[in-house]
S.K.: 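Got a structure for you, written out below as structure tokens; questions coming shortly.
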Number of protein chains: 2
Amino acid sequence: MATHKREEFTAEEQELAAVAKALGHPARVAIVRLLARRRACVCGELVLELPLSQSTVSQHLKELKAAGLVQGEVDGPRVCYCLSPTGWARARQLLDGLLAELPAADYAC
Amino acid sequence: MATHKREEFTAEEQELAAVAKALGHPARVAIVRLLARRRACVCGELVLELPLSQSTVSQHLKELKAAGLVQGEVDGPRVCYCLSPTGWARARQLLDGLLAELPAADYAC
DNA sequence: TTTGCTTATCGTCGATTTACGATTGCAAAG
DNA sequence: CTTTGCAATCGTAAATCGACGATAAGCAAA
């Protein structure tokens, strides 16, 4: 029995869905906002700021990294995270693309 | 054992995450795009256009409706779906809000 | 090398998602 | 009233998610 059929959609749809999915959890939205505010590359500080354990935060970071929205660089014993400019440029493009496809405002059933 | 901690984030973060999550599947992105193109309220036509069964499409529509992005109205034996102007206005607001928080482009680790 | 700190990964558990067929529900038509 | 057709819901199964503690891995300093 097939449980997933993602392959049957366009590459753009999959890409947009992947970005959206990465943002589809409050913790990951919060992480992005934290990284945006203190644009310096925090790392374990995220754990302090979030009501989650270290391993959970690490998991969320991994997903954001997989979606290309976040970069991490090793800096001695700690890891330096920051938002990925290219990843967010693409995300913007995809989101704006979708929003641009929507009818203006005068639609109804 | 706690499996979900959504409660610990701001209302906006949760709201944005909910919208993103609704868009976090290629089928739902495809549905939104279909509804945007043929702004007329299709219904079972979606099933014809998508590589998914009727029940699966119905499930996805339910999730989009729960996220406030889609409206459905019964019209005789069929159901008429269309995008929700207010829902998308809010979605735009939330997404733009997040994108506006991000540093311009000159950031790096 | 050993210690200590930071982060990643592993293993686990329950909850949720994704998908389907089958069934139910409902409204118009006959 | 019964049939017909469309859509929602139910039940189910596999996969993924979300969270945690525990453990491993990496690096710097002692």
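Here is how names work: the chains are called A, B, and so on, in the same order as the sequence lines, proteins then strands, and each is numbered from 1. The figures that follow rest on heavy atoms only: side chains count, while hydrogens, waters and symmetry mates do not.
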S.K.: Just how far, in rounded Å, is C1' of D/dA22 from CD of A/Q59?
M.R.: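 The answer, rounded to whole Å, is 14 Å.
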S.K.: Just the rounded figure in Å: distance from C1' of C/dA8 to CD of A/E73.
M.R.: 17 Å
S.K.: Between A/D75 and A/T56, just flag the one whose closest nucleotide in DNA chain D comes earlier from the 5' side.
M.R.: A/T56
S.K.: D/dA19, C/dA19, D/dA28: which one has an atom nearest the side-chain heavy atoms of B/H25?
M.R.: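 Looking only at side-chain atoms, B/H25 lies closest to C/dA19.
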S.K.: A/S55 or B/R28: which one's nearest nucleotide on DNA chain C is closer to the 5' end?
M.R.: A/S55
S.K.: Please pick, from C/dT6, C/dA8, C/dG21, the nucleotide with the shortest atom-to-atom distance to any side-chain atom of A/P77.
M.R.: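 Selected nucleotide: C/dT6.
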S.K.: Roughly, in whole Å, what's the span from CZ in A/R78 to P in C/dT7?
M.R.: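 After rounding, the gap between these two atoms is 7 Å.
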S.K.: For the residue pair B/Y81 and B/L61, establish whether any side-chain heavy-atom pair is separated by less than 4.5 Å.
M.R.: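 With C-beta onward as the side chain, the pair touches.
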S.K.: Starting from C1' on D/dA8, measure out to CG on B/L46 and report it in whole angstrom.
M.R.: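 Those two atoms, CG and C1', are 15 Å apart.
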S.K.: Within this structure, what is the CD-to-P distance between B/E45 and D/dG5, rounded to whole angstrom?
M.R.: 17 Å
S.K.: Look at the side chain of B/Q54 against the base of D/dA8 and say whether a donor-acceptor pair falls under 3.5 Å; ignore hydrogens and angles.
M.R.: yes
S.K.: In this structure, how many angstroms lie between the C1' atom of D/dC17 and the NZ atom of A/K62, rounded?
M.R.: 13 Å
S.K.: What I want to find out is whether B/E45 reaches B/R78 closely enough, with some N-O distance under 4.0 Å, to be called a salt bridge.
M.R.: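 No, no charged N to carboxylate O under 4.0 Å.
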S.K.: Rounding to a whole Å, what distance do you find between B/F9:CZ and D/dA19:C1'?
M.R.: 11 Å
S.K.: What is the distance, to the nearest angstrom, from the NZ atom on A/K21 to the C1' atom on D/dA15?
M.R.: 10 Å
S.K.: Would you say B/S58 and B/S55 are linked by a side-chain donor-acceptor pair, where the criterion is simply a distance under 3.5 Å?
M.R.: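 Per modelled atom types, B/S55 and B/S58 side chains form no pair under 3.5 Å.
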S.K.: With side chains defined as the heavy atoms from C-beta onward, is the minimum distance between A/K21 and A/E63 less than 4.5 Å?
M.R.: no
S.K.: Which donor-acceptor pairs under 3.5 Å do the side chains of residues 94-103 of chain B make with protein atoms, sequence neighbours left out?
M.R.:
residue, atom, partner, partner atom, Å
B/E101, OE1, A/R33, NE, 3.2
B/E101, OE2, A/R33, NE, 3.0
B/E101, OE2, A/R33, NH2, 3.4

S.K.: Please determine, for the side chain of A/E63, which listed nucleotide (D/dT9, D/dG18, C/dG21) has the closest atom?
M.R.: D/dG18
S.K.: For A/H60 and for A/G76, find the nucleotide of DNA chain D with the closest heavy atom, then tell me which residue's nucleotide is more 5'.
M.R.: A/H60
